[in-house]
Colleague: 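Here it is: the structure, laid out below.
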Amino acid sequence: MKLTKFIFIGTVVYLVLFLIDYLVTLFSIDESGEYKSTLGLNIDMTMNEEELFTNFSLTPQVLITFVSWLLIVCLVYLVARRISQRRVFDK
């Protein structure tokens with residue numbers, strides 16, 4: 001596989017993990033306040049008897065974790081490619 005395909009798959013995996021993190025954080029909220037998810041989503045929730053206000057914002061932590069994840073994916077790709085090339089030359 002090419003590096004671009006690996007980056008695309010890594011991005012999709014990150015988005016799925018971000019969605020799971022978002023849902024877990026959102027459904028664990030039980031009172032008004034400001035909450036931050038593991039991957040950096042900031043949720044500001046205000047509840048009263050009549051209304052529910054929710055504001056979502058991203059923190060710089062989202063960018064840092066995404067770039068770190070892509071670096072890990074690229075390193076895995078390069079290591080796998082190097083191992084496969086060594087096997088071809090060994091034969």
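By convention here, the first residue in the shown sequence is residue 1.
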Colleague: Determine, using the 4.5 Å side-chain heavy-atom cutoff (strictly less than), whether Val16 and Val24 are members of one ILVMFWY cluster.
Modeller: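 Hydrophobic grouping puts Val16 with Val24.
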Colleague: Does any part of the side chain of Phe6, heavy atoms only, come nearer than 4.5 Å to the side chain of Ile9, both counted from C-beta?
Modeller: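 Answer no - side chains too far apart.
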Colleague: Between Gly40 and Gln61, which heavy-atom pair has the shortest distance, and what is it?
Modeller: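 Nearest heavy atoms, Gly40 then Gln61: CA-OE1, 3.8 Å.
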Colleague: Could you give the distance from OG1 (Thr46) to CD (Glu34), rounded to the nearest 0.5 Å?
Modeller: 9.5 Å
Colleague: List, by chain and number, the other hydrophobic cluster members for Leu15, where Ile, Leu, Val, Met, Phe, Trp and Tyr join if side-chain heavy atoms come within less than 4.5 Å, directly or indirectly.
Modeller: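 Direct or chained contacts put Leu15 with none.
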Colleague: Just verifying a value: how many Å separate Phe53 CZ and Asn48 CG, rounded to the nearest 0.5 Å?
Modeller: 7.0 Å
Colleague: How long is the gap from CG on Asp21 to CG on Leu26, to the nearest 0.5 Å?
Modeller: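 Atom-to-atom, Asp21:CG and Leu26:CG are 11.0 Å apart.
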Colleague: Can you measure from CD1 (Ile20) to CZ (Phe18) and round to the nearest 0.5 angstrom?
Modeller: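 Reported to 0.5 Å precision, the distance equals 12.0 Å.
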Colleague: Using a 4.5 Å cut-off on heavy atoms from C-beta on, say whether the side chain of Phe8 contacts that of Val73.
Modeller: no
Colleague: State the CG-OH distance between Asp44 and Tyr35, to the nearest 0.5 angstrom.
Modeller: 10.0 Å
Colleague: Does Leu41 form a side-chain contact (heavy atoms from CB on, under 4.5 Å) with Val62? I'd like the steps, not just the answer.
Modeller: CA-CA 7 Å; Leu41 179 67; Val62 175; 5.5 Å; no
Colleague: Quick one: do Tyr14 and Thr65 satisfy side-chain contact (heavy atoms from CB on, under 4.5 Å)? Show the steps, please.
Modeller: CA-CA 9 Å; Tyr14 181 83; Thr65 57; 2.7 Å; yes
Colleague: If Ile, Leu, Val, Met, Phe, Trp and Tyr residues are connected whenever their side-chain heavy atoms lie under 4.5 Å apart, and connections chain through other members, are Leu52 and Leu23 in the same group?
Modeller: yes
Colleague: Could you check if a side-chain atom of Ser37 sits within less than 4.5 angstrom of a side-chain atom of Ile43, using non-hydrogen atoms only?
Modeller: no
Colleague: Please report the C-alpha distance between Leu39 and Phe66 in whole Å, then the side-chain angles of each, then the deciding distance to 0.1 Å, and finally whether the side-chain contact (heavy atoms from CB on, under 4.5 Å) criterion is met.
Modeller: CA-CA 9 Å; Leu39 292 178; Phe66 178 65; over 6 Å; no
Colleague: About how many Å separate OG1 of Thr59 and CD1 of Ile64, when rounded to the nearest 0.5 Å?
Modeller: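 Those atoms lie 8.0 Å apart.
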Colleague: Cluster question for you: counting only ILVMFWY and a side-chain heavy-atom cut-off of under 4.5 Å, with indirect links fine, are Tyr77 and Val13 together?
Modeller: yes
Colleague: Is Leu58 linked to Trp69 within one hydrophobic cluster, defined over Ile, Leu, Val, Met, Phe, Trp and Tyr using a side-chain heavy-atom separation of less than 4.5 Å?
Modeller: yes
Colleague: Check for me, please, whether Val79 and Leu71 land in the same ILVMFWY cluster - side-chain distances under 4.5 Å, paths through other members count.
Modeller: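 Val79 and Leu71: separate clusters.
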Colleague: May I ask you to decide if Met45's main-chain N or O and Thr54's side chain share a donor-acceptor pair within less than 3.5 Å?
Modeller: no
